[in-house]
Amino acid sequence: MKSLFFFLLELEKLKRKVRRGWILQNIKNGETTAEHIFHLAFLTWLLGREKKLNMEKMLKLSLLHDVVELYAPDLTSYDACGIKKRMTAGDWKKIKPKEGRPTNEQRKILAQIKRKLENKAMNKITKKLPADLKKEFKSLWLDYQNGLSKESRFVKQADRFINFLQGMIYSKKCKKIKKKLWLQRIKEVIDDQHLLDLLKITEDYFFKK
């Protein structure tokens, strides 16, 4: 029970950790990691009713997917644009974020850096948890990282959509957000029909109103 108490104590920090992307956009009082997780969990629940998937698993994946940000940075595509060849996880603090679209090579390097930092964070998070919970956390995390199940693939796409939605909300007061570029990118990474239907409504609301 004590290990659960200390985990909950650590978890509380995510309520105060503002997401890196919004800091880079100079958003005042930007969304925290905990708020993002909350938003994603509701999206998963609401759309998950229409899908014949394991709802409990999807909600757990939604809650767990960014817990690693307790100890790992939530690096963004802006960071990817600032990546130089041969950068490693130890160099992440040297990255100078830039606007634009990263190359495929930069995306690949960023993915490698994120995976190493996040796996290290997950190991730290689960180190003192009860054995059964540690096993479940790591199993779900491996599934989410590698898209091993239909549930994790849906949650990963839902995560991208909810981040896009938040960006569109902030675009009303932040002119730095390049809406058309964001829209182009989200259309490249989403193919789930339920999310595409929701994206169409979102596009109509923010781009044609």
Side-chain angles (χ1 to χ4, degrees), residues 1 3-17 19 21-22 31-72 74 111 114-115 118-119 121-169 182-183 185-206:
M1 190 61 71
S3 63
L4 296 180
F5 168 77
F6 284 110
F7 171 68
L8 291 172
L9 205 59
E10 281 290 279
L11 196 62
E12 192 272 340
K13 293 177 182 177
L14 292 183
K15 296 179 183 179
R16 291 173 276 112
K17 185 170 184 179
R19 304 196 79 206
W22 310 135
E31 174 191 47
T32 66
T33 299
E35 289 168 336
H36 165 70
I37 291 172
F38 164 84
H39 215 183
L40 175 62
F42 261 97
L43 173 61
T44 300
W45 179 16
L46 297 175
L47 289 192
R49 297 178 309 155
E50 309 296 326
K51 303 180 72 67
K52 295 181 180 180
L53 298 176
N54 185 323
M55 178 66 80
E56 179 183 348
K57 182 176 183 178
M58 288 196 295
L59 288 172
K60 286 181 177 180
L61 285 164
S62 298
L63 292 170
L64 186 68
H65 84 288
D66 272 346
V67 164
V68 288
E69 290 178 18
L70 277 168
Y71 308 118
D74 55 326
K114 280 176 66 71
R115 176 162 292 216
E118 290 177 352
N119 283 341
M122 181 55 70
N123 287 334
K124 185 174 181 178
I125 288 167
T126 58
K127 185 176 181 180
K128 295 182 179 180
L129 289 177
D132 59 337
L133 196 55
K134 178 178 181 178
K135 182 178 179 180
E136 184 175 18
F137 269 41
K138 288 203 167 185
S139 176
L140 288 168
W141 178 242
L142 183 65
D143 187 352
Y144 183 76
Q145 277 190 316
N146 297 292
L148 302 179
S149 66
K150 291 180 180 179
E151 288 82 3
S152 66
R153 291 192 291 273
F154 172 73
V155 172
K156 188 174 285 287
Q157 287 198 27
D159 176 47
R160 287 168 172 165
F161 171 80
I162 209 68
N163 188 61
F164 168 76
L165 175 60
Q166 188 64 57
M168 294 305 97
I169 292 169
W182 280 53
L183 182 62
R185 180 57 183 155
I186 195 68
K187 286 183 174 180
E188 292 172 355
V189 297
I190 284 182
D191 59 20
D192 178 87
Q193 191 57 54
H194 292 84
L195 289 169
L196 287 173
D197 292 344
L198 194 55
L199 179 59
K200 178 62 169 61
I201 297 170
T202 307
E203 183 179 358
D204 288 344
Y205 181 83
F206 285 102

Practice prompt. Using side chain to side chain donor-acceptor pair (under 3.5 Å) as the criterion, list what pairs up with E50, not counting sequence neighbours.
Written response: none

Discussion item. Are the side chains of F161 and L40 in contact, using a 4.5 Å heavy-atom criterion?
Written reply: no

Worksheet item: Is the NZ atom of K57 crowded by more than 12 outside heavy atoms at less than 6.0 Å?
Response: yes

Worksheet item: Between the main-chain N or O of S139 and the side-chain N or O of D143, is there a donor-acceptor pair closer than 3.5 Å?
Response: no

Fill in: Beyond-backbone contact of R160 with N163, side-chain heavy atoms, under 4.5 angstrom
no

Worksheet item: Is the closest side-chain donor-acceptor distance between D66 and T33 under 3.5 Å?
Response: no

Worksheet item: Is there a donor-acceptor contact under 3.5 Å from the side chain of T126 to the main chain of M122?
Response: yes

Discussion item. Can you pull out every salt bridge (charged side-chain N to carboxylate O under 4.0 Å, His left out) where at least one residue sits in residues 190-202? Sequence neighbours excluded, please.
Written reply: K51-D192, K200-D204

Discussion item. Is any side-chain heavy atom of E69 closer than 4.5 Å to one of R19?
Written reply: yes

Practice prompt. Could you check whether the rings of F42 and W45 sit parallel, tilted or perpendicular, using 30° and 60° as the cut-offs?
Written response: tilted

Discussion item. Side chains of K187 and E203, heavy atoms from C-beta outward: is any pair under 4.5 Å?
Written reply: yes

Practice prompt. Please report the shortest heavy-atom distance between L47 and L198, naming the atom on each side.
Written response: CD1-CD2, 4.2 Å

Worksheet entry | Atom pair OG1 (T202) and CD1 (I162), whose distance is rounded to the nearest 0.5 Å | 8.5 Å

Worksheet entry | D159 side chain vs V155 backbone, donor-acceptor pair below 3.5 Å | no

Discussion item. Is there a side-chain contact between T44 and E151 in this structure, where contact means two heavy atoms from C-beta onward sitting under 4.5 Å apart?
Written reply: no

Item to complete: Check the pair L43 / L165 against side-chain contact (heavy atoms from CB on, under 4.5 Å), numbers first and verdict last.
Response: CA-CA 11 Å; L43 173 61; L165 175 60; over 6 Å; no

Worksheet item: Any chance CD of E188 has more than 12 other-residue heavy atoms, nucleotides or ligands included, within less than 6.0 Å?
Response: yes

Worksheet item: Shortest non-hydrogen contact from V68 to A121?
Response: O-CB, 3.5 Å

Worksheet item: Is a side-chain donor or acceptor of H39 paired with a backbone partner of H36 at a separation under 3.5 angstrom?
Response: no

Discussion item. Within the structure provided, determine whether L183 and F206 are in side-chain contact (heavy-atom separation under 4.5 Å).
Written reply: no

Worksheet item: Closest approach of N146 and R115, non-hydrogen atoms and distance?
Response: OD1-NH1, 3.2 Å

Worksheet item: Do side-chain atoms of K156 reach the backbone of G147 as a donor and acceptor pair under 3.5 angstrom?
Response: no

Discussion item. What I'd like to find out is whether the side chain of E10 reaches to under 4.5 Å of the side chain of Y71, using heavy atoms alone.
Written reply: yes

Worksheet, complete the sentence: All heavy atoms of I37 vs all of H65, minimum pair found to be CG1-CE1, 4.0 Å

Worksheet, complete the sentence: Smallest heavy-atom separation, L140 atom then L64 atom, equals CB-CD2, 3.6 Å

Worksheet item: Which residues pass the ring-ring contact (aromatic ring centres under 6.0 Å, His included) test with F7, sequence neighbours left out?
Response: F137

Discussion item. What I'd like to find out is whether the side chain of M58 reaches to under 4.5 Å of the side chain of F154, using heavy atoms alone.
Written reply: yes

